[in-house]
Amino acid sequence: MTNTPDYKAAILQQLASIPFGKTCSYGYLAKAAGLPGYARQVGNIMKSLPHDTQLPWHRIVNSQRKISFPIGSEAYLEQRRRLEAEGIEFKGEKILITQFL
DNA sequence: CAGGGGGCTAAGG
DNA sequence: GCCTTAGCCCCCT
């Protein structure tokens, strides 16, 4: 029973279950998927997602409640745009609210 | 097989 | 607020 077969599937599935307008951290997502300690994998997987994916990758932020991308980078702006489009507010770089985390 | 790195995290200085 | 250390786990050289 190696658990490397589809830890990805578990993560992606968990990711897909995140409701509109909510956010959570990488670690939380991994844990919720039954894979504590896979925070890095979560990020790594997201990175390899196609740019046209349906998955809400933008709802995932780091434990500091910030977007894990260089500020001002395209990826950063892209994610921020999507989050604000869901009603998520920012205070500077930090994300407010979030019932998750 | 060893090394380095990544959308991470938590703890320290 | 910033940077470093250490732990975590998978993937590519």
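Letters A, B, ... mirror the listed sequences (proteins, then strands); counts begin at 1.
For A/K47, the side-chain contact (heavy atoms from CB on, under 4.5 Å) criterion is met by A/N44, not counting sequence neighbours. Partners of A/Y38 according to the ring pair (Phe, Tyr, Trp, His ring centres under 6.0 Å) rule, which considers only residues two or more places apart in sequence or in another chain, are A/Y7. Evaluation of the ring pair (Phe, Tyr, Trp, His ring centres under 6.0 Å) rule for A/Y28 yields A/F100 as partners, not counting sequence neighbours.
Rounding to whole angstrom units, CG of residue A/N44 and C1' of C/dC9 are separated by 9 Å.
Between the A/Q13 side chain and the A/A33 main chain, no donor and acceptor come within less than 3.5 Å of each other.
For DNA chain B, the contact window with chain A, defined by any atom under 4.0 Å from a protein heavy atom, covers B/dG6 to B/dA10 in 5' to 3' order.
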*Can you give the dot-bracket line for DNA chain B, where a pair is Watson-Crick or G-U wobble with both atom distances under 3.5 Å, crossing pairs use [ ], and | marks a partner on another strand?*
.|||||.||||||
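Residue A/I60 is classed as a base contact, given a heavy-atom separation below 4.0 Å to a base. Residue A/F69 is in base contact, counting any heavy-atom pair closer than 4.0 Å across all strands shown. Within the nucleic acid shown, A/N62 comes within 4.0 Å of sugar-phosphate atoms alone, with no base atom in reach, counting heavy atoms only.
There is no path of hydrophobic side-chain contacts, each under 4.5 Å, that joins A/V42 to A/L101.
Between A/E86 and A/R82, none of the side-chain N atoms (NZ, or NE/NH1/NH2) sits under 4.0 Å from a carboxylate O, so this pair counts as no salt bridge.
Residues from residues 13-34 of chain A that place a heavy atom under 4.0 Å from any atom of DNA chain B, listed by number: A/S25, A/Y26, A/G27.
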